[in-house]
Amino acid sequence: MTNLMNAVGFYHALPLSNPDSFLDLSVPVPEVTGHDLLVEVRAISVNPVDTKQRLVEPKIENQPRILGFDASGIVKKVGPNCTLFAPGDSVFYAGDVTRPGSNSHYQLVDERIVGKKPTQATFAEAAAMPLTSLTAYEALFERLAISKNKLENKGKSILIIAASGGVGSIATQLAKHVGLTVIGTASRPETVKWTKDHGTDIVLNHHQPLQPQLKKYGYDQVSFILCLNNTDAYWETMASMIAPQGKICSIVENESPLELGKLKSKSATFVWEFMFTKAMYQTPDLLSQHDILTTISQLLDQGVIQTTLSETIHPISAATMRQAHRKIESGQMIGKLVLENY
Ligand SMILES: NC(=O)c1ccc[n+]([C@@H]2O[C@H](COP(=O)([O-])OP(=O)(O)OC[C@H]3O[C@@H](n4cnc5c(N)ncnc54)[C@H](OP(=O)(O)O)[C@@H]3O)[C@@H](O)[C@H]2O)c1
């Protein structure tokens, strides 16, 4: 291994039409310390967090900003405090938004937020999963506190807003797996088909009022709501559709103050999910992300859930990164987009 590696990064926040918005770079391979693994990255996925972070001007302009928060690859070196992985292991992970990301040939990642790659999945299929699976799993089972016991979920329902996107495609499968009735939103024939194929029982069109559509299926309210799109725009609808003592979780930051009072008479709960909280604040349950990825890996290998990969682009370069960001920014993603190999 030389001490330089290929990476895709940038020095300034620029529109995608500017060729400097992403650059093919050669940067030093980092050294492992502590709990870090040095991973040779084989495939990466692009998420809306990448497009949002790309628009933030990097703080240190003489060092490139390297994004990328979904990867699969092979462990090359382990830090002195590592106990979970060894060189040669195939892994998948989302990583930490406060550190350099996975858009580089080699990357450091804390082993406590890494899982073993599912053996039945290709590197591309595995790279599609970590960020969205961690988000969906934490939202459903930690924030909304949904039981994993099917019997306890009998008669309960969840509304997933934006069910055919990256997070929605895995959230749908996990919610279905634990016995909830899944009501998902999608607006195009291809996204309606995709979400039905991933387990949605009822599909509502998010470009029409949701509650009247749901009433036609005999439901007035839902036990849980997972909001994966514009929280401000869906606030009134969510307050109206949530059942008394129900729970709402959103993963999308609001732009205006949210009127929590609308939930009071129903004693309904509102909770955020942010996938990077555990790594960002080094919470005591940091290792739970290793456990969640281990569970996801097993569920994929057992065929209980399927990869949400919908498209793979080769190779990983500044040009293909711009192509991927354009696609994510369209807001019309179906499942997950992966870039593979340098
Ligand atoms: N807090 C966290 O930890 C966290 C983690 C992951 C993602 N996020 C955020 O969550 C959001 C979703 O992420 P994602 O990766 O699932 O996104 P995504 O894959 O880009 O979502 C695309 C989907 O959004 C649907 N959509 C478009 N306009 C909509 C509307 N007005 N109402 C409802 N759905 C609409 C589209 O469905 P149609 O084509 O059928 O219209 C499309 O399938 C992003 O804002 C992302 O930044 C947060």
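One-based numbering, in listed order, for ligands and for the atoms of each.
By the criterion of a heavy-atom distance under 4.0 Å, the side chain of Leu131, and not its backbone, is placed next to ligand 1. Contacts of Val167 with ligand 1, taken as heavy-atom pairs under 4.0 Å, involve both backbone and side chain. By the criterion of a heavy-atom distance under 4.0 Å, the side chain of His206, and not its backbone, is placed next to ligand 1. Only the side chain of Lys52 comes within 4.0 Å of ligand 1, counting heavy atoms alone; its backbone N, CA, C and O stay farther away.
On a distance-only criterion, Ile251 and ligand 1 share at least one N/O pair closer than 3.5 Å. Checked by distance only, ligand 1 and Lys336 stay at 3.5 Å or farther apart across all their nitrogen or oxygen atoms. When only interatomic distances are considered, the shortest N/O to N/O separation between Tyr234 and ligand 1 falls below 3.5 Å. At a 3.5 angstrom cut-off on N or O pairs, Asn47 does not count as close to ligand 1. Ligand 1 has no nitrogen or oxygen under 3.5 angstrom from a nitrogen or oxygen of Thr132.
The Ser164 neighbourhood of ligand 1 comprises atoms 37 (O), 43 (O), with distances under 4.0 Å to a heavy atom of that residue. With ligand atoms numbered from 1 in the order given, ligand 1 contributes 11 (C), 12 (C) to contacts under 4.0 Å with heavy atoms of Leu228. Of all atoms in ligand 1, numbered sequentially from 1 with element shown, those under 4.0 Å from a heavy atom of Val252 are 10 (O), 11 (C), 45 (O). Set against the non-hydrogen atoms of Met275, the atoms of ligand 1 under 4.0 Å away are 2 (C), 3 (O). Below 4.0 Å from some heavy atom of Met333 lie the following atoms of ligand 1, by number and element: 19 (O), 20 (O), 22 (C), 23 (C), 42 (C), 43 (O). Distances below 4.0 Å separate heavy atoms of Glu273 from the following atoms of ligand 1: 1 (N), 2 (C), 3 (O). Close approach of ligand 1 to Ala186 (heavy-atom distance below 4.0 Å) involves ligand atoms 40 (O).
For the pair Ile242 and Lys266, the minimum side-chain heavy-atom distance is below 4.5 Å. When side chains are defined from C-beta on, Lys278 does not count as touching Ile113, because their heavy atoms never get closer than 4.5 Å. The shortest distance between side-chain heavy atoms of Phe270 and Ser250 falls below 4.5 Å.
Linking ILVMFWY side-chain heavy atoms closer than 4.5 Å, directly or via other members, places Ile225 and Trp272 in a single hydrophobic cluster. One hydrophobic cluster, built from ILVMFWY side chains closer than 4.5 Å, cannot hold both Val182 and Ile248; they sit in different ones. A single hydrophobic cluster is not seen to contain both Val304 and Leu151; linkage of ILVMFWY side chains at heavy-atom distances under 4.5 Å, directly or through other members, places them apart.
In this structure, atom 19 (O) of ligand 1 lies nearest to the protein heavy atom Gly166 N, 2.8 Å. Considering only non-hydrogen protein atoms, atom 38 (P) of ligand 1 sits nearest to Ser187 OG, 3.4 Å. Of all protein heavy atoms, the one lying nearest to atom 5 (C) of ligand 1 is Thr135 OG1, 3.3 Å. Here the protein heavy atom with the shortest distance to atom 30 (C) of ligand 1 is Asn229 OD1, 3.4 Å. Nearest protein neighbour of atom 36 (C) of ligand 1, counting heavy atoms only, is Gly331 O, 3.6 Å.
Aromatic ring centroids of Tyr342 and His314 lie 6.0 Å or more apart. A centroid separation of 6.0 Å or more is found between the aromatic rings of Tyr219 and Tyr217. Ring centroid separation for the pair His206 and Tyr234 does not come in under the 6.0 Å cut-off. Centroid-to-centroid, the aromatic rings of Phe123 and Phe92 stay 6.0 Å apart or farther.
A salt bridge links Glu253 to Lys52: at least one charged side-chain nitrogen sits closer than 4.0 Å to a carboxylate oxygen. Of the charged side-chain nitrogens involved, at least one lies within less than 4.0 Å of a carboxylate oxygen, so that Glu329 and Arg54 count as a salt-bridged pair.
Among Gly165, Pro48, Gly335, the residue whose heavy atom lies closest to atom 17 (O) of ligand 1 is Pro48.
Here the closest non-hydrogen pair linking Thr231 and Val252 is OG1-O, 2.5 Å.
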